[in-house]
Amino acid sequence: MAFGSKEQLDQTLQTAPVTEPARQFFFVDECRKIVQELSEMKGRPLTACVNTFGCQMNAKDSEKLLGILKEIGYQESNSEDSDFVLYNTCTVREHANIRVYGRLGVLKNSKDKNPDMIIALCGCMMQESEVVDKIRKSYRHVDIIFGTYNIYKLAELLYRHFMEHSMQVEILDAAQEMVEDLPSLRKYPFKCGVNIMYGCNNFCSYCIVPYVRGRERSREPEDVLCEIRRLADDGVIEIMLLGQNVNSYAYGFPELLQKVCDIDGIKRIRFMTSHPKDLSDGLIRVIRDNPKIARHIHLPLQSGSSRILREMNRHYTKESYLELAEKIRSNIDGVAITTDLIVGFPGETEEDFQDTLDVVRKAAFDSAFTFLYSKRSGTRAAEMPDQIPKDIANERFNRLLALVTETASHQTLRFVGQDAEVLVEEVNAKDPSFLTGRLSTNHVVHFEGPNDLIGKMVNVHLDEAKGFYYMGTMI
Ligand code: SAH
Ligand code: SF4
Ligand code: F3S
């Protein structure tokens, strides 16, 4: 590429505003000029592809990153044959990392064919110094690397890359400021995640999230509400409040939920995730009294053994979890409880595992994500003796999965024959005369209907349960 120089960069840096987000809007403008020039040279629009790994936090971050890229002038694309490819990575289990390395290998071939292609990496995996060292050394075709604390700086880093044509790496050790109010490109026009807090203070002994996402930071309620009001004005009807543990929201989570309920236009409110240790009676009451709040609580159990839970640093026991699940079910009619489970935590015995199976039976989960324990270096559990051999863990995993599937499909039966409100999300992937949507309980429903219902709430009769989902008829 013929443009860009260190001198030009120095000059621009002198005129750039120092405060955020003004500074980023400035770099968005600068990048836009370059992208426009490039696109004229190539005689076609430039495309950008953002690939997201991991949880809802990353999905939300990706919407922000795509928003910035669109402002810069890139056209969104789902193909990795794009001019700009960004992986927003996850490192919660080792498997996630292996996938990223594998795909970076494939991207190398694409870049050989299109040398102007820009490859960027961000997200949780980049907060680990070994990862960044490895990429610097063995994946030289990567152009931009940033972490979880500075995603808002994408435009600045891209601009630097355009000027210097060298690998840009900026990883911060901790959050410096919460920069909001940058553009965001929603995946769905009618539903949207909203961060209420970032980071995590819980240090569950197996988990890397507190190390890569830092300490808890709660956004001011008024900022959150303001964002939601804007979204509602823009046609959003379902909101998902996001935090690693929304129950420790610094300004009171039940109070916040109540205020979100009061916003006209918002018809359904979800939240993720609730830690069982501090789910309050106040929260249960607010959910019970507000039909707008989804009849769904994701309440990660991790293990059913009180001994393992103590080793995991979870601050609840088998008994207290079951009591809580019972309290939720008896107070909130028709609520669905879903969970996360880890198999093969260090020192887990067959007896411990039986406790997990026991809780799955008793709590009657509506669905559960099951994970094989993955050792994450830097966490306390990684140093624990008695790591469980793979074959034993796999065998337990299969037994657990079978039970979870059985329990969930049994639970699904309980709504058959009822009418329920469905938020229609998309055309059915297999049969385009069908639509797919979700119940308040988060169960998926397929039914016949016209495409213009997408994004609307409709009433559907639940004819038949098929494992985790329903077949229905619109009424
Ligand atoms: N903040 C959420 C969880 C975020 S991580 C909570 O506490 O509920 C999502 C899930 O990944 C966790 O609930 C856990 O089940 C799983 N997980 C986290 N670390 C893991 C590890 N080292 N091995 C296997 N699963 C893990
Ligand atoms: Fe990880 Fe525990 Fe924090 Fe969830 S609460 S993100 S499992 S440390
Ligand atoms: Fe993964 Fe980071 Fe989420 S490690 S699970 S993307 S917070």
Side-chain angles (χ1 to χ4, degrees), residues 51-62 65 87-97 99-100 121-128 131 147-149 151 175 193 195-217 241-249 271-279 297-304 308-309 311-316 321 337-346 348 356 360 365 367-384 387-388 390 393-394 396-397 400 404:
N51 241 317
T52 312
F53 301 79
C55 67
Q56 297 288 339
M57 305 292 156
N58 265 18
K60 176 69 195 182
D61 285 350
S62 288
L65 292 160
Y87 286 171
N88 189 6
T89 63
C90 169
T91 187
V92 80
R93 286 168 291 274
E94 195 185 0
H95 179 69
N97 294 39
R99 268 173 65 204
V100 167
L121 296 173
C122 68
C124 296
M125 204 176 146
M126 300 305 127
Q127 291 298 141
E128 293 177 281
V131 171
T148 56
Y149 304 117
I151 65 153
N195 298 107
I196 64 165
M197 55 197 296
Y198 300 95
C200 180
N201 288 352
N202 290 310
F203 289 94
C204 303
S205 63
Y206 50 82
C207 185
I208 195 136
V209 172
Y211 302 90
V212 295
R213 288 269 173 179
R215 295 296 66 70
E216 276 175 10
R217 280 112 45 218
L241 303 175
L242 298 172
Q244 292 298 353
N245 175 15
V246 293
N247 297 329
S248 56
Y249 178 65
F271 54 88
M272 272 283 229
T273 295
S274 265
H275 195 304
K277 76 179 160 68
D278 46 17
L279 192 153
I297 299 186
H298 187 63
L299 194 64
L301 166 68
Q302 315 299 3
S303 167
I308 294 288
L309 286 169
E311 294 291 311
M312 287 178 162
N313 194 31
R314 289 289 288 180
H315 300 282
Y316 54 87
Y321 184 95
I337 303 180
T338 59
T339 203
D340 292 347
L341 299 161
I342 298 177
V343 173
F345 183 83
E348 182 188 75
T356 300
V360 171
F365 293 118
S367 136
F369 294 108
T370 48
F371 303 109
L372 276 172
Y373 167 73
S374 172
K375 185 170 167 175
R376 307 315 288 132
S377 54
T379 62
R380 264 207 307 117
E383 308 303 321
M384 290 181 185
Q387 301 277 331
I388 304 298
K390 274 211 162 65
N394 276 323
R396 285 182 192 157
F397 182 87
L400 178 64
V404 160

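For reference, positions follow the sequence shown, starting with 1. Indexing begins at 1, ligand by ligand and atom by atom, following the structure's order. Bear in mind that the values here come from a model prediction, so they are computed numbers and not experimental data.
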Handout entry: Per-residue contact class, Y206 against ligand 2 - non-hydrogen pairs under 4.0 Å
Key =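 The part of Y206 near ligand 2 is the side chain, not the backbone.
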Exercise for the section: Under 4.0 Å, heavy atoms only, figure out whether ligand 2 is touched by the backbone of P210, its side chain, both or neither. Expected result: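 The answer is the side chain.
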Is there a donor-acceptor pair closer than 3.5 Å between any side-chain N or O of [X] and the backbone N or O of [Y]?
{"X": "T339", "Y": "L299", "answer": "yes"}
{"X": "N201", "Y": "E216", "answer": "yes"}
{"X": "R396", "Y": "E348", "answer": "yes"}

For [atom], the protein heavy atom that lies nearest, with its residue and separation:
{"atom": "atom 5 (S) of ligand 2", "answer": "N202 ND2, 3.4 Å"}
{"atom": "atom 10 (C) of ligand 1", "answer": "D340 OD2, 3.4 Å"}
{"atom": "atom 8 (O) of ligand 1", "answer": "P300 CG, 2.8 Å"}
{"atom": "atom 21 (C) of ligand 1", "answer": "S374 O, 3.6 Å"}
{"atom": "atom 1 (Fe) of ligand 2", "answer": "C207 SG, 2.3 Å"}
{"atom": "atom 3 (Fe) of ligand 2", "answer": "C200 SG, 2.3 Å"}

Atoms of ligand 2 close to [X] [distance to a heavy atom under 4.0 angstrom, numbered from 1]:
{"X": "R314", "answer": "2 (Fe), 7 (S)"}
{"X": "V209", "answer": "6 (S)"}
{"X": "F203", "answer": "8 (S)"}
{"X": "Q244", "answer": "6 (S)"}

State, without any angle test, whether [X] and [Y] hold a side-chain donor-acceptor pair at a distance under 3.5 Å.
{"X": "N88", "Y": "S62", "value": "yes"}
{"X": "H298", "Y": "D340", "value": "yes"}
{"X": "Y206", "Y": "Q302", "value": "yes"}
{"X": "E311", "Y": "S205", "value": "no"}
{"X": "K277", "Y": "N202", "value": "yes"}
{"X": "H95", "Y": "N97", "value": "no"}

Problem - Where Y321 and P276 come nearest, the two heavy atoms and their spacing - result: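 Closest approach of Y321 to P276: CE1-CG, 3.8 Å.
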Which atoms of ligand 3 sit under 4.0 Å from any heavy atom of [X]?
{"X": "C90", "value": "1 (Fe), 4 (S), 5 (S), 6 (S)"}
{"X": "N58", "value": "6 (S)"}
{"X": "V92", "value": "1 (Fe), 4 (S), 5 (S)"}
{"X": "Q244", "value": "7 (S)"}
{"X": "C55", "value": "3 (Fe), 5 (S), 6 (S), 7 (S)"}

Give, for atom [atom1] of [X] and atom [atom2] of [Y], the distance between the pair rounded to the nearest 0.5 Å.
{"X": "M126", "Y": "T91", "atom1": "CE", "atom2": "OG1", "value": "8.5 Å"}
{"X": "Y211", "Y": "C124", "atom1": "OH", "atom2": "SG", "value": "14.5 Å"}
{"X": "T89", "Y": "Q127", "atom1": "OG1", "atom2": "CD", "value": "9.0 Å"}
{"X": "T379", "Y": "M384", "atom1": "OG1", "atom2": "CE", "value": "8.0 Å"}
{"X": "T356", "Y": "L400", "atom1": "OG1", "atom2": "CG", "value": "7.0 Å"}
{"X": "L309", "Y": "S303", "atom1": "CG", "atom2": "OG", "value": "4.5 Å"}

Exercise for the section: Please verify whether a non-hydrogen atom of T379 lies at under 4.0 Å from ligand 1. Expected result: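 Contact absent.
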Practice task
Compute the minimum heavy-atom distance from V209 to ligand 1 and say whether it is under 4.0 Å.
Solution key: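 The answer is no, since V209 has no heavy atom less than 4.0 Å from ligand 1.
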Can an N or O of [X] be found at a distance shorter than 3.5 Å from an N or O of ligand 1?
{"X": "R376", "answer": "no"}
{"X": "T273", "answer": "no"}
{"X": "Y206", "answer": "yes"}
{"X": "N245", "answer": "no"}
{"X": "Q302", "answer": "yes"}

Shortest reach to [atom] by a heavy atom, considering only [options]:
{"atom": "atom 2 (C) of ligand 1", "options": "E94, K277, Q244", "value": "Q244"}
{"atom": "atom 16 (C) of ligand 1", "options": "R213, R93, M272", "value": "R93"}
{"atom": "atom 8 (S) of ligand 2", "options": "G199, S248, C204", "value": "C204"}

Handout entry: Y87 and F53 aromatic centres sub-6.0 Å
Key =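 That pair passes the under 6.0 Å test.
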Practice task
Indicate, as side chain, backbone, both or neither, the part of C124 found under 4.0 angstrom from ligand 3 when only non-hydrogen atoms are considered.
Solution key: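 Near ligand 3, C124 shows its side chain, while the N, CA, C and O stay back.
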Any idea which atoms of ligand 1 are less than 4.0 Å away from a heavy-atom of [X]?
{"X": "Y373", "result": "23 (N), 24 (C)"}
{"X": "R314", "result": "7 (O)"}
{"X": "L372", "result": "23 (N), 24 (C)"}

Problem - ligand 1-proximal atoms of V92, by part, heavy-atom distance under 4.0 Å - result: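 Both backbone and side chain.
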Handout entry: ligand 2 contact by R213, heavy-atom criterion under 4.0 angstrom
Key =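 The answer is no: ligand 2 sits nowhere under 4.0 Å from a heavy atom of R213.
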Exercise for the section: Establish, yes or no, whether the cationic atom of R380 lies under 6.0 Å from the six-membered ring centre of F203 and within 45° of the ring axis. Expected result: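 Cation-pi check for R380 and F203: fails.
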Exercise for the section: Go through the steps to decide whether N245 and D278 satisfy the test side-chain contact (heavy atoms from CB on, under 4.5 Å), and finish with yes or no. Expected result: CA-CA 9 Å; N245 175 15; D278 46 17; 3.5 Å; yes
